[in-house]
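Take a look at the structure below.
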Amino acid sequence: MPAARESLLDAAYTALARRPWSAVRMVEVAASAGVSRQTLYNEFGSKEGLARALVRREADGYLAGVERALSGSSDPRERLTATAEWMMSAAHGNALVRAMLTGCWSERLPSPALTAVPSSSAVPAQRRADGPLPSPGDFVGLVRDRAVAVLGGAGPPPPPDTAELARSCELAVRLALSCVAAPPAEGGVGDLLRTALPRRLTV
């Protein structure tokens, strides 16, 4: 991603932490990033385009964190637990990630349509941002399927002998998402998963 685009997205994210999205001004985002307002419009087209690109970046960052969590310990149960804990911490520290995972968009946040929008952008990254954005259900499927592929050593669709692993992966993802919506009073998602998952995951 070009440096100017990344700086603009950083500036938009910082502005969003300070005020509601409706109060964020494009001219302020451009000034904060050290570029002209025209550069901002050239990259994103509109405030809605900026919002879509910001949501897309946060979604990509979240999924990259899932990848890192899945590449840890050699024990599949611990990898799933680490992934669920990452999901919780990412949602706790990032209001956009929390909204994407739960579908609950507060008035403070941008809430771009999840469906694709017409794009005439010459910027490839913006054309991608203008495509469909993941829904909460999409995130469940993406994380589950990636966990099955990593832990089972198979690509999608999972072969029949990984059915138990796929069920365990989906359980881990859905339990983590329920804890994002209603955090446990004691312990955490890791404690819940260690109790809920089979002692040995068959791959």
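Along the sequence shown, residues are numbered consecutively beginning with 1.
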Open item on the list: Looking at Ser121, is its backbone amide N or carbonyl O close enough to the side chain of Arg127 to form a donor-acceptor pair, meaning the two atoms are under 3.5 Å apart?
Closed with: yes
- [ ] Keeping the roles fixed (side chain from Ser32, backbone from Val29), state whether a donor-acceptor pair exists under 3.5 Å.
- [x] no
Task: Which residues share a salt bridge (charged side-chain N to carboxylate O under 4.0 Å, His left out) with Arg167, sequence neighbours left out - done: none
TODO: Search all heavy atoms of Gly103 against all heavy atoms of Pro136 and return the closest pair with its distance.
DONE: N-CG, 3.6 Å
TODO: Decide if atom CZ of Arg108 counts as having more than 12 heavy atoms of other residues, nucleotides or ligands within a radius under 6.0 Å.
DONE: yes
Task: For Ser119, side-chain hydrogen bond (donor to acceptor under 3.5 Å, both in side chains) partners two or more places apart - done: Asp130
- [ ] Keeping the roles fixed (side chain from Arg56, backbone from Pro132), state whether a donor-acceptor pair exists under 3.5 Å.
- [x] yes
Task: Approximate separation, where rounding is to 0.5 Å, of Glu58 CD and Asn94 CG - done: 4.5 Å
TODO: Kindly indicate whether the side chain of Pro110, heavy atoms from C-beta on, has any atom under 4.5 Å from the side chain of Leu16.
DONE: yes
Task: Note, Met26 side chain near Leu8 side chain (heavy atom, < 4.5 Å) - done: no
Task: Check: Leu63 and Glu67 side chains under 4.5 Å, non-hydrogen atoms - done: no
Task: Residue pair Cys169 / Ala147: nearest heavy atoms and the distance that separates them - done: SG-CB, 3.6 Å
Task: Listed partners of Glu170 passing salt bridge (charged side-chain N to carboxylate O under 4.0 Å, His left out), at least two apart - done: Arg144, Arg174
TODO: Would you give the length of the straight line joining atom CG of Leu80 to atom CG of Leu165, rounded to the nearest 0.5 angstrom?
DONE: 7.0 Å
Task: Non-hydrogen atoms of Ala4 and Val35 that approach each other most closely - done: CB-CG1, 4.3 Å
Open item on the list: If you compare all heavy atoms of Leu133 against all heavy atoms of Pro112, which two are closest, and at what distance to 0.1 Å?
Closed with: CD1-CG, 3.8 Å
Task: Closest contact, heavy atoms only, Val66 versus Trp86 - done: N-NE1, 3.3 Å
Open item on the list: Which label fits Phe139 and Tyr62: parallel for a plane angle under 30°, tilted from 30 to 60°, or perpendicular past 60°?
Closed with: perpendicular
TODO: Please identify each residue that fulfils salt bridge (charged side-chain N to carboxylate O under 4.0 Å, His left out) with Asp138, with sequence neighbours left out.
DONE: none
- [ ] Starting at CG of Leu177, measure out to CZ of Arg98 and round the result to the nearest 0.5 Å.
- [x] 13.0 Å
- [ ] Indicate, with yes or no, if Val123 and Leu54 share a hydrophobic cluster defined by side-chain heavy-atom contacts under 4.5 Å among Ile, Leu, Val, Met, Phe, Trp and Tyr.
- [x] no
TODO: Calculate, to the nearest 0.5 Å, the distance between atoms CG and CG belonging to Asp75 and Leu151 respectively.
DONE: 9.5 Å
TODO: For Arg19, enumerate each residue passing the salt bridge (charged side-chain N to carboxylate O under 4.0 Å, His left out) test, keeping only those at least two apart in sequence or located in another chain.
DONE: Glu28
Open item on the list: Nearest 0.5 angstrom please: Leu96 CG to Trp105 CH2, how far?
Closed with: 5.5 Å
Open item on the list: Please say yes or no: joined through hydrophobic side-chain contacts below 4.5 Å, possibly via intermediate residues, are Met87 and Leu142 part of one cluster?
Closed with: yes
TODO: Write down the atom of Met88, the atom of Val189, and the distance for their closest heavy-atom approach.
DONE: CG-CG1, 3.6 Å
- [ ] Check whether any side-chain heavy atom of Phe44 sits under 4.5 Å from a side-chain heavy atom of Leu9, and report yes or no.
- [x] yes
Task: Inter- and intrachain pairs under side chain to side chain donor-acceptor pair (under 3.5 Å), touching residues 42-52, at least two apart - done: Arg5-Glu43, Gln38-Asn42
Open item on the list: Just verifying a value: how many Å separate Glu78 CD and Glu85 CD, rounded to the nearest 0.5 Å?
Closed with: 8.0 Å
